[in-house]
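Okay, so here's the structure we're looking at.
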Amino acid sequence: MTELSHIRNFSIVAHIDHGKSTLADRLIQVTGTVAARDMKAQLLDTMDIERERGITIKANTVRLEYRAQDGELYILNLIDTPGHVDFGYEVSRSMRAVEGSLLVVDASQGVEAQTLANVYQALDAGHEIVPVLNKIDLPAAEPDRIRQQIEDVIGLDASDAVMISAKSGLGVPDVLEAIVTRLPAPSGDRNAPLKAMLVDSWYDTYLGVVVMVRVIDGVLKKGDRVRMMQTGALYGVEKLAVLKPAMVDIAELGPGEIGVLTASIKQVRDTRVGDTITHERKPCTTPLAGFKPAQQVVFCGLFPVDSAEFEPLRDAIERLALNDASFSYEMETSAALGFGFRCGFLGLLHLEVIRDRLEREYDIDLITTAPSVVYHLHMKDGEMRELHNPADMTDLTYVDHIEEPRIKATILVPDEYLGDVLKLCQDRRGVQLDLSYAGSRAMVVYDLPLNEVVFDFYDRLKSVTKGYASFDYAMIGYQEDFLVKMQILVNDEPVDALSMMVHRDRADMRGRAMCEKLKDLIPRHMFKIPIQAAIGGRVIARETIAAMRKDVTAKCYGGDVTRKKKLLEKQKAGKKKMRQFGKVEIPQQAFINALKMDN
Amino acid sequence: MTKAALPDWQNGGFGLYIHWPFCAAKCPYCDFNSHVVATIDQPAWQAAYLSEIDRIGAETQGRVLQSVFFGGGTPSLMQPDLIAAVIERIRATWPMVNDPEITLEANPTSVEAGRFRGFQQAGVTRISMGLQALNDTDLRKLGRMHSAAEGRAAFDIARATFERVSFDLIYARQDQSLKDWRAELSHALTMAVDHLSLYQLTIEDGTAFGARHAAGGLKGLPDDDLSADLYALTQDLTGAAGMPAYEISNHARAGAQSRHNLVYWRAGDYAGIGPGAHGRLTLDGQRWATETPRAPFEWLKQVSISGDGEIARQLVPQAEQAAEYLMMSLRLSEGLDLARYHALSGVALDPRACARLAEMGMVTQSAERLMATQNGRMVLNSVVRDLLPDPT
């Protein structure tokens, strides 16, 4: 039990590569939380994918003990939050669990769109924010300019920003001191009924589901009977610990403290981020505000390349779901691709992360169909149906109108690329909401249809701005538009996995692009193959793959028999991996590449 | 005796392949087992060849040998004495057909042309000459060490010395147009004696060209469409000149086909002697794939120490024999014997696949045989993949 005045809870807000994980590592090191010999880079990012991509997907926490210059010992709880818009809700919960933030900005790169979104989250959560300029030892560092930028763009006084180099350790003690002196202590009532926030949860092979909690009021002890107020479920607390970052058992957690518990919870799915944990016997009266169930906004089909891998895929998805409650899945059958799953994700990055984990951790080759958003079909009888899969599109005669989700996109871009970015947003049916300048960069705010963004918006943005733009978005609601289902026919056979919902005005362009792309991706066959895009019965684009004219081994004598025969048999076996549509074989890579639209 | 009662290999005959692994220089497109060395101990090689002939001869006693092929490398670098000794031992080992075909691959340089008389006296009956191109620019690009004029002179000596002379040309070269090839091939057809091998340039991994191509070099190679047009032109010109293709890349006047190579394409038995040589031998009702070490001195050492130049023989199950027969026989204009295939494989060729390919104009079928059409031969790998049984 620590006095409230000696606790500081904080998170770190930073753009990818601006040094969040390095700073976290340094803080752990300087406070002696982890012995030097046990240090490895990015201690808090535990998944391979997190380390590789330099992103944080799951919230994580570490408890640091720090003797400040005033001679007192402080408990500092760092919650490492997910840094991506897809996990916006998780971020907002993590933010509510702490009282302050370090805003880490690269002293040469400056503020990025993603930083902005997270800063706003922090401000929404009422945080005190300490700006930290990182990488000030680099020759390209311009601390004065970046300080000014922080003031201009975010409206935050950066005159007393802490100047550091997380890499070399320069200035790190100043950061610790700033946490103690400039961030507020938590408040809370030890004698009130227990009120704790479920910040995150994950599956541990040995312990089962581990729940991260922040105690607001009351005291949580090992052995307590607790209730999750949103799900109503009751559990007995079996283990209570703090993370340093390894688990260290603790008898109780009082107000302001952050720790983890286990309680024989079977699945992560049984826990809800943002839920309120209270005692069974003496419960608090009102749950914490702001709870939302996870909402999937992007859907796609995941199919095994080898249909024999359907069962392993089912096992893998179920096991992944144990540890990630935020994606949904249901079985799907495709005429083209056989058995698979229709899965819903929080966003595109989330989709990629899950797909990567299935392929890597479970070694299953997947075909991913075109990502789709959730459309609202308003039927003539007044019913509203959600459409997750273009293949399920109903007969238009029963549909009154279709609505699609729209987002507010914020893009920060150096002004030499501004024209390209505006053109991209206009091409994607965007409506400009705002355009302002911060130094040499423009901040562009657009209202965009999500279905244009899930397509390949991010790739295009990166390519037209040579990677200098940063991008973030938030859902703003549904709006009616002229949406149609476009089908792709290969050799007159519809390929359901390639059908998509598009805006009528964009259909011709998308259809042409898709046909051209498939023309290059589907290998020549012994006969010519027409590829068509069609809306209903009307063909809007067409290409033809010419017949293959040459595929023969010039020389084949006695010494070549074994090798050439093996080669042909291997190729024949390889064809089994392709999908057969009527007489046409389509390689898996064609599906993957057809759905990317980079010109 | 009916055909079905014969051991299958007898449908294709029995030939002997002798591999000489040395070249004066390695050509950039060649992926054959060839090596360049400073000196060659010809007596040691002679001893090894003779020892191997004795060994294989003992296993195949009583068979009638229809052909011998000295391939390489560059076997025209062998001393005529060595060739004579080998042929003499072969004749002492197997009975031979009345008019045996004994072919030697030759490079068209003056050095080798000087030995042609000696080869003929040693018993060689046919020369297969690697002219490759008839103009100096392309010969240089192909890394050949002879000029067009030198090649022509060597060819004339060969023609004066041997009754049967074939030569090879490589086409579908860098920057070669249809017009260029029409002129060159027309000229070649005026030179041709009875047989021509016309190969499209293939970029093989593990060759100098392969590396250059992978690194983005070798510009101006024809795309598939131009390659197909070049192939079609080749068929037109050779057909009109009375030398139609009897195999994908081989053309002959009637009766002048390479009998040795027919053994391969008709899936007969052949013994392979020399480094890296492959063989197919049917012994006691079972068919074996034989192979030898590729490295010349490893083979030589193994033969001299153990008296056996082979590495472990592999049994070729009937289903694989059928697949080999399918792949090889469809290269020939005479095509595949359906009953023979059925007997080997245990099941007939998939009639639906045959019908589909026939509908596309890739094959024609009679009651007895399946033949690839000219269009089918141009995409034969695809045709064979369609006809191969599904992998289990």
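Here is how names work: the chains are called A, B, and so on, in the same order as the sequence lines, proteins then strands, and each is numbered from 1.
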Q. Are A:Arg524 and B:Ser382 linked by a side-chain donor-acceptor pair shorter than 3.5 Å?
A. no

Q. What residues, two or more places apart in sequence or in another chain, satisfy salt bridge (Lys or Arg N to Asp or Glu O under 4.0 Å) together with B:Asp386?
A. none

Q. Heavy-atom count around A:Phe339 CZ within 6.0 Å, excluding the residue itself: above 12?
A. no

**Q.** Neighbour count >12 (heavy atoms, 6.0 Å) for atom CD, A:Glu416
**A.** yes

Region of [X] in contact with chain A, defined by heavy-atom distances below 4.5 Å:
| X | answer |
| --- | --- |
| B:Phe32 | side chain |
| B:Val263 | neither |
| B:Thr202 | side chain |
| B:Leu201 | neither |
| B:Glu320 | both |
| B:Asp31 | side chain |

Are [X] and [Y] close enough that some pair of their side-chain heavy atoms sits under 4.5 Å apart?
| X | Y | result |
| --- | --- | --- |
| A:Leu568 | B:Leu388 | yes |
| A:Asp551 | B:Met378 | no |
| A:Met548 | B:Asp224 | no |
| B:Leu326 | A:Lys565 | no |
| A:Val552 | B:Arg377 | no |

Q. So which of B:Arg280, B:Met327, B:Met328 has the largest heavy-atom pair count under 4.5 angstrom toward chain A?
A. B:Met327

Q.
I'd like to verify something: which residue of B:Gly376, B:Ala277, B:Ser227 has the highest number of heavy-atom pairs under 4.5 Å with chain A?
A. B:Ser227

Q) Residues of residues 266-276 of chain B under 4.5 Å from chain A (heavy atom pairs)? A) B:Tyr270

Q. Knowing that exactly one of B:Asn375, B:Asp229, B:Asp223 qualifies, which makes a side-chain hydrogen bond (donor to acceptor under 3.5 Å, both in side chains) with A:Arg549?
A. B:Asp229

Q: First locate atom NZ of A:Lys555, then atom CD of B:Gln200, and finally report the distance between them rounded to the nearest 0.5 Å.
A: 13.0 Å

Q) From B:Arg331 CZ over to A:Thr553 OG1, what is the distance, rounded to the nearest 0.5 angstrom? A) 6.0 Å

Measure across [X] and [Y] and return the closest heavy-atom pair with its distance rounded to 0.1 Å.
| X | Y | value |
| --- | --- | --- |
| A:Lys572 | B:Pro389 | CE-O, 3.9 Å |
| B:Ala323 | A:Glu569 | CB-OE2, 4.0 Å |
| B:Val379 | A:Lys550 | CG1-N, 3.7 Å |
| B:Ser249 | A:Ala554 | OG-O, 2.7 Å |

Q.
Can you list the residues of residues 528-540 of chain A that sit under 4.5 Å from chain B, counting heavy atoms only?
A. none

Q) According to the ring-ring contact (aromatic ring centres under 6.0 Å, His included) rule, which pairs have a member within residues 527-565 of chain A, sequence neighbours left out? A) A:His525-A:Phe527, A:Tyr557-B:Trp265

